[in-house]
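The next block holds one structure in the form of structure tokens; read it before the comments.
Computed from a predicted structure; not experimentally measured. For the numbers below, each heavy atom of this structure counts, side chains included, while hydrogens, waters and symmetry mates do not.
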Amino acid sequence: MNKPLRRIAIFCGLLVLALLIRDNWLQYVKADQLRTDTANRRVTIERYANPRGDIVVDGNSITGSVESKHGDFKYKRTYKNGPMWAPVTGYSSQAFDSSQLEKINDGILTGNDDRLFFRNTLDMITGKQKQGGNVVTTLNAAAQKAAFDGLKERGGKGAVVALEPSTGKILALASFPSYDPSSFAGNSTSTDAKAWNALQKKNNPADPMLNRALRETYPPGSTFKVVTAAAALENGLYKSADENTDSPLPYIMKGTTTPLKNEGNIPCKNATLREALRVSCNSVFGKIGADLGNDKMLDEAKKFGFDAEQFTPVRSNASVFSDNMNPSQTALSSIGQYNTAATPLQMAMVASAVANDGKLMKPYMVDELQSSNVDPVAKTEPKELSRPLSPTNAQILQSMMETVVKSGTGQKAQIGGGVTVGGKTGTAQHGVANSANPYAWFISYAKLGDGSSPVAVAVVIEDEGANRDDISGGGLAAPIAKSVMEAVINSKK
Amino acid sequence: MSSSTNSTHHTSTIGAIGAPSRRNTELALLIFAVAIPVFAYANVGLAISDQVPAGLLSYGLGLGLMAGIGHLGVRKFAPYADPLLLPLATLLNGLGLVIIYRLDQSKLLQSLPHFAQAAPRQLLYTALGIAMFVAVLIFLKDHRVLQRYTYISMFAALVLLLLPLVPGLGADVFGAKIWIRVPGLGTLQPGEFAKIVLAVFFAGYLMVKRDALALASRRFMGLYLPRGRDLGPILVVWAISILILVFETDLGTSLLFFGMFVIMLYVATERTSWIVFGLLMSAVGAVGVASFEPHIQTRVQAWLNPMREYKLSRVVTHDGILHSDQLQQALWAFGSGGTLGTGLGQGHSDLIKFAANSDFVLATFGEELGLAGVMAILLIYGLIVERGVRTALAARDPFGKLLAIGLSGAFALQVFVVAGGVMGLIPLTGMTLPFVAYGGSSVLANWALIGILIRISDTARRPAPTPAGNPDAEMTQVVRPS
């Protein structure tokens with residue numbers, strides 16, 4: 001019986017061999033594919049196994065990590081003053097993925113970025129727990145607070161963007177109403193999913209998760225007249241702020257019989273550019289737009305950043321100035337109506353370019369990426385985006401905008417104490433046949449005694465609750481812009 | 001006869017090539033077999049809670065004591081037994097305890113309904129298993145005694161196999177009816193014991209019938225075709241396997257019994273034709289049953305496409321079939337372990353949920369000890385089987401040979417079916433990995449199996465009794481031819 005016994009021995013050996021081969025196939029050949037399979041929960045467990053790096057403002061982190069008591073995801077994201085910072089940070093949720101800075105810099109924050117490889121290896125050797133790196137933002141906590149508090153006090157909805165004109169650094173980025181990303185950072189169906197669902201647009205008409213500063217485009221209204229004025233100067237239509245313009249009153253739009261109306265009875269006939277901006281003449285700027293034509297207006301608008309998405313690195317929607325418009329449409333668009341639409345970021349860029357003597361810097365909000373021990377991994381250098389104005393024309397426009405604040409519609413933004421403020425109000429009609437409450441806009445910049453300009457701001461308020469007659473850029477939006485500018489100036493001291 | 005001149009030379013028959021008893025080798029190996037799980041246990045504690053587990057000393061002493069009792073039992077009652085079997089089984093049992101303890105610490109498993117610490121009970125089962133092992137050595141003085149119980153064994157095996165079908169006694173656990181409920185004891189898997197009892201029956205039956213089965217056959221196309229009446233028993237076993245498959249939906253047990261029978265039949269008759277018949281019949285049976293049994297079809301589907309099964313398990317399906325993500329989870333566990341594993345206590349094989357410490361325990365080894373660890377485990381199983389086959393080769397009586405090869409073959413098939421199923425090599429069957437998996441029946445039955453193998457190997461390796469001294473040696477007269 002020994003011959004078949006030996007054969008059975010070989011058969012049993014083959015069984016074990018088959019298992020060994022299969023094991024090698026699984027754990028060696030296919031191992032990487034199985035290990036990194038996104039459906040493999042270990043991938044997400046690993047993702048939350050270490051405290052996430054922080055997002056830093058003014059040297060303080062505005063995020064944190066907390067160990068969760070339940071479930072297999074160890075660390076959960078927390079946010080300090082979540083609603084205020086949400087438009088900057090976005091959210092990072094175990095159940096609902098992440099957005100904005102949290103998503104864009106996920107590699108750095110989780111520590112999985114290749115640029116942290118050396119650091120991670122070192123930590124592994126020294127037995128330290130793996131830690132995510134930090135994202136250092138350009139934001140100014142005081143300015144952000146002023147912006148958010150201003151919006152909150154106002155109620156309604158709105159957004160504020162503040163930039164540093166010389167670099168393009170984003171100093172404030174507020175949106176209201178907002179949400180607390182901490183409320184759904186975990187993955188509990190009872191608390192986190194509930195909080196998440198309550199914030200969704202379909203359940204919440206206020207749409208608190210919309211980042212109005214970057215992702216909502218509004219008709220810019222009269223604030224767009226700054227762009228139109230820039231186009232007039234750049235194209236040599238008018239040479240100075242104080243020469244009279246060739247503007248009839250009433251101004252009948254070319255190709256129509258409709259007069260372009262002004263708000264109230266203001267002195268716009270042949271007004272100077274300065275005067276027209278001060279009292280916000282629709283007739284003057286409408287005519288400038290029509291005279292220059294669609295192409296030249298579009299060209300100038302594009303130089304200010306219209307028609308392009310901005311990556312800060314969080315994407316902002318593209319602002320709109322249309323193509324192929326007839327003269328009357330161009331006229332309407334040139335006073336910020338018709339098809340023209342702009343994000344608050346875009347209008348802050350307009351103010352910033354004027355303040356920076358015509359040079360538009362690319363807006364950005366991430367100053368530096370760091371490893372967990374604050375070694376710099378990457379630094380963002382300021383970058384010039386375009387030159388919508390020559391320095392001379394920029395200074396002409398500055399003096400015009402300063403007049404608006406000194407003695408025009410924007411007087412509520414005056415700061416004083418050696419600080420010169422230039423600005424422009426806007427009250428944008430919207431809704432079918434101008435039925436809804438208009439948007440109140442204010443764009444401005446502050447200039448210090450030494451001629452430097454530390455901050456440019458755009459504020460938009462969409463206030464459906466306010467009395468229609470009370471809504472004006474100067475009344476609602478300018479005070480918020482003022483407090484943001486003051487916050488920046490005070491924090492520089 | 002020229003050499004016979006020197007008559008005074010003392011000669012005697014060299015009967016027993018006295019194999020050394022190797023008991024000390026066994027003891028030395030046992031020390032390793034206890035030390036390795038103790039270190040592993042400490043490792044789990046350090047990995048999970050940063051401290052040496054409180055029970056380390058009692059665990060080490062307990063395992064050491066049990067191994068010691070086993071060793072003393074062998075030393076006393078089977079002194080010539082194979083020295084590898086006991087240490088290998090102890091090592092596997094110890095590692096199994098460590099992994100079960102490790103899974104007990106999983107928060108995920110603790111949060112499941114009906115969670116209870118499994119390691120303490122497994123330790124109890126191990127103690128009972130070793131007691132069973134020693135009892136086999138004490139009460140089974142000679143394995144040939146079992147021959148007498150050939151037909152009783154057949155009856156007992158049938159009863160054991162059919163028990164789960166008895167209403168009120170059987171327990172349907174996740175689709176396979178292979179458990180029975182014993183009041184006060186919990187659930188038992190009679191199939192594990194039936195494996196041994198059936199091996200006894202096959203060995204006894206085939207020893208008697210082997211000549212008839214082997215010789216009375218016609219040659220056809222190079223194969224010996226058995227006579228119709230000799231085909232009877234194989235058909236009966238085949239039918240029983242199919243019945244188990246259909247009524248208990250237990251693919252593994254069915255395959256195990258039929259495979260064991262074919263192996264023993266082949267060894268008994270030395271006819272390759274039986275193997276061919278065996279394979280043909282299992283193919284016919286498997287395909288036939290799979291064609292109408294939805295439970296088996298699901299398993300095959302799940303084996304062919306574990307990811308699809310995983311996705312189906314996430315949603316409520318209306319096909320009335322319980323979809324399970326276990327196989328895909330196990331594959332992920334293996335893949336995530338990679339070559340060297342995550343380290344004990346640092347994997348996430350608890351994602352497999354309730355079967356993590358029983359049917360799928362190998363996946364935890366795969367994840368935490370890696371390819372290296374699983375290969376080591378598989379090779380230990382290979383070694384046990386190899387020692388079993390060696391015992392069969394060394395056995396002097398056909399009954400012992402058949403019993404040893406039957407038990408070793410069944411052991412090998414079980415390991416293959418379980419490990420192959422968990423690794424996705426063959427459809428999943430829901431059997432447990434001997435010694436390593438949590439479960440009383442399995443531990444007890446496999447210790448008994450090792451006990452019987454030890455008994456056979458002791459008989460095989462025992463030196464033949466020294467022949468009585470030759471009284472003629474001194475007195476032979478030398479008669480010279482003149």
If you tally heavy-atom pairs under 4.5 Å between each of Gly370(B), Gly420(B), Ser408(B) and chain A, the highest tally belongs to Gly370(B)
Can you tell which of Leu19(A), Leu26(A), Thr36(A), Asn24(A) has the highest number of heavy-atom pairs within less than 4.5 Å of chain B? Leu19(A)
CZ of Arg41(A) to CG of Leu108(B), rounded to nearest 0.5 Å, is 8.0 Å
With respect to chain A, which residue among Thr269(B), Val389(B), Leu371(B) yields the maximal number of heavy-atom pairs within a distance under 4.5 Å? Leu371(B)
Taking atom CH2 of Trp196(A) as the centre, report whether more than 12 heavy atoms of other residues, nucleotides or ligands fall under 6.0 Å from it. yes
Hey, is NZ on Lys107(B) packed in by over 12 heavy atoms from elsewhere, all under 6.0 Å? no
Within-4.5 Å side-chain heavy-atom neighbours: Val385(B) and Val16(A): no
Top of Gly382(B), Ala404(B), Gly366(B), Ala268(B) for chain A proximity - count of heavy-atom pairs under 4.5 angstrom: Gly366(B)
Contacts with chain B made by residues 5-14 of chain A (heavy-atom distance under 4.5 Å), listed by residue number: Leu5(A), Arg6(A), Arg7(A), Ile8(A), Ala9(A), Phe11(A), Cys12(A)
Are there over 12 heavy-atom neighbours, none belonging to Tyr28(A), within less than 6.0 Å of that residue's OH? no
Atom CG of Asn203(A): over 12 foreign heavy atoms under 6.0 Å: yes
Keeping the roles fixed (side chain from Gln27(A), backbone from Thr339(B)), state whether a donor-acceptor pair exists under 3.5 Å. no
Atom CZ of Phe115(B): over 12 foreign heavy atoms under 6.0 Å: yes
What part of Glu386(B) gets closer than 4.5 Å to chain A, counting heavy atoms only: side chain, backbone, both or neither? neither
Heavy-atom contact with chain A under 4.5 Å, split by part of Arg210(B): side chain
Gap between atom CG of Leu393(B) and atom CG of Asn2(A) - 0.5 Å precision: 5.0 Å
Max heavy-atom pair count under 4.5 Å with chain A, selected residue of Leu402(B), Ile275(B), Leu331(B): Leu331(B)
Which heavy-atom pair separates Ala39(A) from Met307(B) by the least distance, and what is that distance? CB-CE, 3.6 Å
For Arg390(B), look at atom CZ and say whether over 12 heavy atoms of other residues, nucleotides or ligands are found less than 6.0 Å away. no
Which one, Ala333(B), Gly347(B), Gly337(B), Ser106(B), leads in non-hydrogen pairs under 4.5 Å with chain A? Ala333(B)
Of the listed residues (Leu351(B), Val415(B), Leu425(B), Asp350(B)), which shares the most heavy-atom pairs with chain A below a 4.5 Å separation? Leu425(B)
Grab the two heavy atoms, one from Arg22(A) and one from Met423(B), that are nearest each other, plus how far apart they are. NE-O, 2.6 Å
Considering only heavy atoms from C-beta outward, does the side chain of Leu20(A) approach that of Leu379(B) to under 4.5 Å? yes
Mind running side chain to side chain contact (heavy atoms under 4.5 Å, CB included) on Arg42(A) and Glu367(B) for me, showing each step along the way? CA-CA 11 Å; Arg42(A) 288 164 188 79; Glu367(B) 182 167 7; 2.7 Å; yes
Just checking Lys353(B): does its NZ atom have more than 12 heavy atoms from other residues, nucleotides or ligands closer to it than 6.0 angstrom? no
OH/Tyr310(B) to CG/Asp37(A) distance, rounded to the nearest 0.5 angstrom? 8.5 Å
Criterion side chain to side chain contact (heavy atoms under 4.5 Å, CB included) on Ser336(B) and Asn40(A), from CA distance to verdict: CA-CA 9 Å; Ser336(B) 305; Asn40(A) 184 344; 3.1 Å; yes
